[in-house]
Amino acid sequence: MPAISASAPGKLILCGEHAVVYNQPAIAIPVLSLSTTTKIFAHPTAPKGEVIINAASQRIKENIHVLPEDHPIRRIVELVQANFGLSEMPACEIQITSTLPIASGLGSSASLSISVIRALSEFIGHPLPVERVNALAFEAEEIHHGNPSGIDNTVIAYEKPVYFERGKPLQFISIGTPMHIIIASTGISASTALAVAGVHDRWQKDPARYEALFTQIGSLSRQIRQYLTQGLTKPVGELLTRNHSLLQEMGVSCPELDQLVNVSLAAGALGAKLSGGGMGGNMLALVTEETSPTIEKALTSAGAKFCLKVTLPASMEG
Ligand code: PMV
C-alpha cells in the first residue's frame, strides 16, 4: 500500500511580534522553500494502536507509548485521535522529515504539527478542512508555548501572507510587487516562551509604557499592510526598521540581533528587524534583487550562522 504523504511549510513573522499577543495586528508570510513532510505507512498485520514514530532529525524511532506523555509528536497524534473519537489508532509508522531548522523561529513546531495532522487525517479517511487543521495545531502550540497568539499555526495552515489579529476573523494580504527578504540567524537558540514571559512581566510592572509600545507596533503593522498591497517597498523597509527599534525598547533584542540589523542596513537593506520571539534567533532584511548578494555577504561576515533568501511573490487576495 503506497504511503500517504502531506507537507507543511515554514513561516516568517514580518512585523507585529509580541504586540500580537496583546491583540495588536501582525503580519506573517509562509516560507515555502522549507517544509516538514509526514508519511504514513499502514501496518495492516500489526495490532491496533501500534504506532511507530520515525523522526530521523530528532533521532526518534520508537513506539509512540515509549515517548514521554508531553512529547510534541505524541501529543499531536493524540489530539488527532481524540478529534476522530478513536479509542485506538490504526497500526502504522509515522515518518517525519524536515528541512526546517529546529527552534529557529521559522515555525518548525507548527509546521510539524500541521504536516502530521494533514497526513494522519487523510490516513484515517477524513482529511480535515483547513480551519480544523489550524485549530488542532493551535491546541498543540498551547501545550508547548504557554500563551501563543496563534499566528504561527495560522500562516502555516493557510500558506498565504496573513494579517493576523487575535480573536478577529483572519485576513489575507495582497502583495503589490515581489518582496525580497534575507533571513539571517544569530545562531543563538532562544526560547519564545521565555521572551513572551519576560515581556509579560515588564508589562505588568509598567503597563502604560508597554501598552504604548504595543499600540505603536500595531499601527506600524496596519501601515505596512497598506504599503505591501500598494507594492511600495521603500516605506515597508523604513517601517520594519522602526518596528525593530520598538522591539529593542521592549527588551527582546540582543547585541547579536542589533549587529545583524545594523550591518544589513549599512550594506543597503531597505529595512531590517528581528523576527519572532527575539533574544537570539533570526532577523530579516528587506533587500532588492540587486542588493541581495552584497547584503548576504555582509551578514555572513558579521557572523550570521545561516542566510536564507525568500521572495514573497505579488499576489491578489480578498
Ligand atoms: O519565535 P516565533 O517565531 O515562534 O514567534 C513568536 C511570536 C510572538 O509574537 C513573540 C509570540 C506569539 O505567540 O505570537
Side-chain angles (χ1 to χ4, degrees), residues 8-31 34 36 72 98 100-114 134-135 137-158 161-168 170 181 183-203 210-211 213-218 220-221 224 240 243-244 246-254 256-257 260 273-284 305-306 308 310:
K11 70 98 219 291
L12 179 71
I13 298 184
L14 222 50
C15 59
E17 53 275 268
H18 286 291
V20 69
V21 175
Y22 299 82
N23 303 324
Q24 294 293 335
I27 298 174
I29 61 170
V31 175
L34 298 173
T36 310
S98 182
L100 273 151
I102 292 177
S104 61
L106 292 168
S108 59
S109 68
S111 178
L112 183 145
S113 296
I114 289 174
N134 193 25
F138 180 65
E139 278 187 53
E141 293 283 290
E142 274 187 315
I143 296 167
H144 299 287
H145 301 292
N147 180 24
S149 63
I151 191 169
D152 280 19
N153 48 282
T154 302
V155 65
I156 291 174
Y158 287 89
V162 297
Y163 180 83
F164 180 90
E165 237 176 312
R166 228 174 167 171
K168 295 217 176 138
L170 177 62
I181 295 164
I183 304 168
S185 165
T186 58
I188 301 168
S189 67
S191 152
T192 296
L194 276 183
V196 170
V199 172
H200 187 263
D201 284 352
R202 295 192 287 280
W203 164 65
Y210 273 76
E211 268 151 37
L213 288 169
F214 301 147
T215 311
Q216 286 176 71
I217 291 178
L220 289 182
S221 292
I224 289 172
L240 291 177
N243 191 170
H244 183 71
L246 296 170
L247 288 162
Q248 281 178 315
E249 283 188 47
M250 212 184 269
V252 292
S253 192
C254 66
E256 293 80 358
L257 279 168
L260 294 182
K273 64 182 279 294
L274 71 81
S275 172
M279 323 283 296
N282 293 327
M283 55 77 68
L284 64 86
K305 293 298 174 287
F306 74 75
L308 178 74
V310 296

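Just follow the structure's listing: the first ligand is 1, and inside any ligand the first atom is 1. Everything quoted here is computed from the prediction, not taken from an experiment.
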Do you know which of H18, H200, R202 makes side chain to side chain contact (heavy atoms under 4.5 Å, CB included) with Y210? R202
Taking atom types as modelled, find out whether E141 and S113 have a side-chain donor-acceptor pair closer than 3.5 angstrom. no
Minimum-distance pair of heavy atoms, taken over all atoms of N153 and A137: CB-CB, 3.8 Å
Beyond-backbone contact of F214 with M250, side-chain heavy atoms, under 4.5 angstrom: yes
If the criterion is any heavy atom closer than 4.0 Å to an atom of ligand 1, which residues make the list? K11, I13, E17, H18, V20, V21, G105, P148, S149, I151, D152, T192, V196, G276, G277
Can you name the one residue among I217, L220, I27, L246 that meets side chain to side chain contact (heavy atoms under 4.5 Å, CB included) with C15? I27
Side-chain contact, heavy-atom cut-off 4.5 Å: N23 with E165? no
